[in-house]
Peer 1: 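Handing you a structure now.
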2 protein chains.
Amino acid sequence: MPASSDTSPIDINRLRQVCSSCSLRDLCVPLGLGEPEMARLDSIVEKSPPMKAGQHLFRAGDPMRSIYAVRSGTYKSYTLDSEGEEQVLGFHLPGELVGLDAIHPGQHQCNLMALDTAMACIMPFDELTQLASELPGLQRQIMRLLSKEITSLVPMAGDHSAEERMASFLLSLARRFGERGYSSRSFRLVMSRRDIANYLRLATETVSRVLRRFQDKGWISVDRRDVSLDDVEALRRIADET
Amino acid sequence: MPASSDTSPIDINRLRQVCSSCSLRDLCVPLGLGEPEMARLDSIVEKSPPMKAGQHLFRAGDPMRSIYAVRSGTYKSYTLDSEGEEQVLGFHLPGELVGLDAIHPGQHQCNLMALDTAMACIMPFDELTQLASELPGLQRQIMRLLSKEITSLVPMAGDHSAEERMASFLLSLARRFGERGYSSRSFRLVMSRRDIANYLRLATETVSRVLRRFQDKGWISVDRRDVSLDDVEALRRIADET
DNA sequence: CGCTATTTTGAGCCGCGTCAATACGGGTGG
DNA sequence: CCACCCGTATTGACGCGGCTCAAAATAGCG
């Protein structure tokens, strides 16, 4: 049997196994679904083409047709205020959902830019909600993820010092890298100092100074964009997690 | 026919007409539902007994069995940080949902306290999601309200000056009172200066000073807890809405 | 009418932003 | 391979907004 007629139908099938064969499925929408439910989810999820750093998945004002899950790489979400100043809202790792704030008004509220080579999973919203009506586990998981998004914004709203914000930021990244099977002790900051500063509502100079202070205290080692956490307990004390 | 045997079944029926006869239904969960759907929602919604100022609807750590809609009065939500310091997360007017952040972890993440005499509607979560599976409009509206909650936290996370925060706060209250049929020009601040300050991440002294500054400029009139907005445009310029 | 909690007002200080200069690094062309 | 350039990051000096501390004024309540 020629290879072409053999692999072709298999590949088409493979293309659709977006969730059931995904290593991130327990962090993402499929969590809690069984085999048959996941197969139905597979039938509506599409892969986005790979995106290069700087490209946008969507922009504020775009009509909301789908929600997205990060598949690989890292995205940042941001808005532009009335003076055109960028406001970074978050950094999004594989398995995390983005675009959830667009459900309510039906238009995307923020811009989503790839920080490196990145891919996303596209979940057409009408089909997803239709499927959620039929699969109670899926409905529940979508609500959980929406709820989680609310919780994740609360710490940002607190009034915290520069050191508290930076420590929380590093610990949050560490935890999320750990959940994804990477080292939670040392990792690369794909985002620029400017993006970090903007996200933490600090000046870039302050970000530099706080990182240096942490390094001088022996809590972290910083080399360019590579960080390793040498004293997680000290960071936790500063971050003052609830 | 004796009145007792006549009114009794009617009253029992009335007690269940929680949503369909509610003036807040277009701001709340029932938005977009037709008559028969709303009747089914009525069958699962319960009224909480009236609560006095200082009483709690739920506390952080309580198991999440229901989500709640404010029916009358005002609540504040808050957490306690590791030093036991209160962190006010929001003020909640009639028609607004609370407890949504509890869906994800299954436990309430914050405390909810009545600021005056207040009542809530109780929606048992399992029954609500079950019903949402059967009523696409209800599922959609719940997701919209969850999404709205995300959007509402974003402005809080920005780094804004004391005047920007106060102006935004006053305009937000004005808008929400207006939506509920009250005057958006003058209203009563049911929360204390201390609660306002805590919510805006300012010192109470700063709240006093900013209010005084706004009054000196002729933008508002403050008498004790009664406020009237005399120059909404000026406030909007300061608040710098997106 | 007194007691206490809340709000207002004033004085001083500190963390962080702003402005400015320098250092570093990665890419480009000779 | 090196010289150059430009964007990113670091470091230093200084000023200001808002917090802290302290005290007076006002309101709510028994």
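On a predicted model such as this, the values are computed, not experimentally measured, just so you know. All chains are named by letter (A, B, ...) in the order of the sequence lines, taking the proteins before the strands, and each is independently numbered beginning at 1.
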Peer 1: For a quick check under 3.5 Å, do B:Ser228 and B:Asp230 share a side-chain donor-acceptor pair by atom type?
Peer 2: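 There is such a pair between these side chains.
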Peer 1: Measure from CG on A:Asp226 to C1' on D:dT8 and round the result to the nearest Å.
Peer 2: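 It works out to 15 Å between those atoms.
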Peer 1: Please check the phosphate of D:dT11 (OP1 and OP2 only) for any side-chain N or O of A:Arg212 closer than 4.0 Å.
Peer 2: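 Result: yes.
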Peer 1: With a 4.0 Å cut-off, would you call A:Glu205 and A:Arg209 a salt bridge?
Peer 2: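 Salt bridge flag = no for A:Arg209 with A:Glu205.
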Peer 1: What do you reckon, is CZ of B:Arg180 surrounded by more than 12 foreign heavy atoms closer than 6.0 Å?
Peer 2: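 Yes - once you tally the heavy atoms of other residues, nucleotides and ligands closer than 6.0 Å, there are more than 12.
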Peer 1: Decide whether a cation-pi geometry holds between A:Lys76 and A:Tyr78; the criteria are a distance under 6.0 Å from NZ or CZ to the six-membered ring centre and an angle within 45° of the ring axis.
Peer 2: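 Output yes; distance and angle both within limits.
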Peer 1: For A:Leu211 and D:dA9, what is the distance between atoms CG and P respectively, to the nearest whole Å?
Peer 2: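 Going from A:Leu211 (CG) to D:dA9 (P), I get 11 Å.
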Peer 1: Give a yes or no on whether the backbone of B:Ala234 and the side-chain of B:Asp231 come within a donor-acceptor separation of less than 3.5 Å.
Peer 2: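 Between the backbone of B:Ala234 and the side chain of B:Asp231 there is a qualifying donor-acceptor contact (under 3.5 Å).
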Peer 1: Sort out for me which residue in A:Leu235, A:Leu229, A:Leu211, A:Leu170 forms a side chain to side chain contact (heavy atoms under 4.5 Å, CB included) with A:Trp219.
Peer 2: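 That would be A:Leu235; it is the only one of A:Leu235, A:Leu229, A:Leu211, A:Leu170 passing the side chain to side chain contact (heavy atoms under 4.5 Å, CB included) with A:Trp219.
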Peer 1: Once you round to the nearest 0.5 Å, how far does CD of A:Gln87 lie from OH of A:Tyr199?
Peer 2: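 One finds 13.0 Å between CD of A:Gln87 and OH of A:Tyr199.
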Peer 1: If you measure from CZ on B:Arg59 to NE2 on B:His108, what distance do you get to the nearest 0.5 Å?
Peer 2: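 Here the rounded value is 12.5 Å.
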Peer 1: Ignoring hydrogens and geometry beyond distance, is the side chain of A:Arg209 in donor-acceptor contact with the base of C:dT18 at under 3.5 Å?
Peer 2: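 It does, because a donor-acceptor pair links the side chain of A:Arg209 to the base of C:dT18 below 3.5 Å.
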Peer 1: Side chains of B:Thr74 and B:His92: do they bring a donor and an acceptor to under 3.5 Å?
Peer 2: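 Result is no, nothing qualifies.
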Peer 1: Atom CG of B:Leu189 and atom P of C:dT8: how far apart are they, to the nearest Å?
Peer 2: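 These atoms are roughly 10 Å apart.
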Peer 1: How many whole angstroms separate atom CZ of B:Arg165 from atom C1' of D:dC19?
Peer 2: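 Rounded to whole Å, this separation is 14 Å.
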Peer 1: Below 4.0 angstrom, which residues in residues 193-203 of chain A have at least one non-hydrogen atom near DNA chain D?
Peer 2: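 Going residue by residue through residues 193-203 of chain A, the ones with a heavy atom under 4.0 Å of DNA chain D turn out to be A:Arg193, A:Arg194.
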Peer 1: Before giving the answer on side-chain hydrogen bond (donor to acceptor under 3.5 Å, both in side chains), spell out for A:Thr79 and A:Asp81 the whole-Å C-alpha distance, their side-chain angles and the decisive distance to 0.1 Å.
Peer 2: CA-CA 6 Å; A:Thr79 58; A:Asp81 68 16; over 6 Å; no
Peer 1: Any luck finding a side-chain donor-acceptor pair between A:Ser172 and A:Arg176 under 3.5 Å?
Peer 2: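 Yes.
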Peer 1: So, B:Asp116 and B:Lys52, do they make that salt bridge, N to O below 4.0 Å?
Peer 2: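 So B:Asp116 does not pair with B:Lys52 through a salt bridge.
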Peer 1: Could you check which of D:dG18, D:dA9, D:dT11 has an atom nearest any side-chain atom of B:Ser161?
Peer 2: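 Selected nucleotide: D:dG18.
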Peer 1: Give a yes or no on whether a donor-acceptor pair under 3.5 Å exists between the nucleobase atoms of C:dC19, that is its base, and the side chain of A:Glu205.
Peer 2: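 Under the 3.5 Å cut-off, the side chain and the base do form a donor-acceptor pair.
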Peer 1: Side-chain N or O of B:Arg225 versus OP1/OP2 of C:dT7: is the shortest distance under 4.0 Å?
Peer 2: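 Checking C:dT7 against B:Arg225, a side-chain N or O does come within under 4.0 Å of OP1 or OP2.
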Peer 1: Is the phosphate of C:dG17, meaning OP1 or OP2, less than 4.0 Å from a side-chain N or O of A:Thr206?
Peer 2: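 Looking at the OP1 and OP2 atoms of C:dG17, one of them is under 4.0 Å from a side-chain N or O of A:Thr206.
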Peer 1: Find which nucleotide of DNA chain D each of A:Asp159 and A:Ser208 is nearest to by heavy atoms, and output the residue with the more 5' nucleotide.
Peer 2: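 Whichever sits nearer the 5' end wins; that is A:Ser208.
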Peer 1: Measure CG/A:Asp223 against C1'/C:dG26 and give the value in whole Å, please.
Peer 2: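 In whole Å, C:dG26 C1' lies 14 Å from A:Asp223 CG.
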Peer 1: Nearest-Å distance, CD (B:Gln215) to C1' (C:dT7)?
Peer 2: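 One finds 13 Å between C1' of C:dT7 and CD of B:Gln215, rounded.
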Peer 1: Taking only N/O atoms, report every protein-nucleotides 28-30 of chain D pair under 3.5 Å with atom names and distance.
Peer 2:
unit_1 : atom_1 : unit_2   : atom_2 : d
D:dG28 : OP1    : B:Arg224 : NE     : 3.3

Peer 1: Starting at CG of A:Asp216 and ending at C1' of D:dT11, how long is that distance when rounded to a whole Å?
Peer 2: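 Whole-Å distance recorded here is 12 Å.
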Peer 1: Identify, between B:Ser192 and A:His160, the residue whose nearest nucleotide on DNA chain C lies closer to the 5' end.
Peer 2: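 Nearest-nucleotide comparison on DNA chain C picks B:Ser192.
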Peer 1: Taking five pairs at each end, how big is the angle between the two axes of the helix from C:dC1-D:dG30 to C:dG30-D:dC1, to 10°?
Peer 2: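 The angle separating the two end axes equals 40°.
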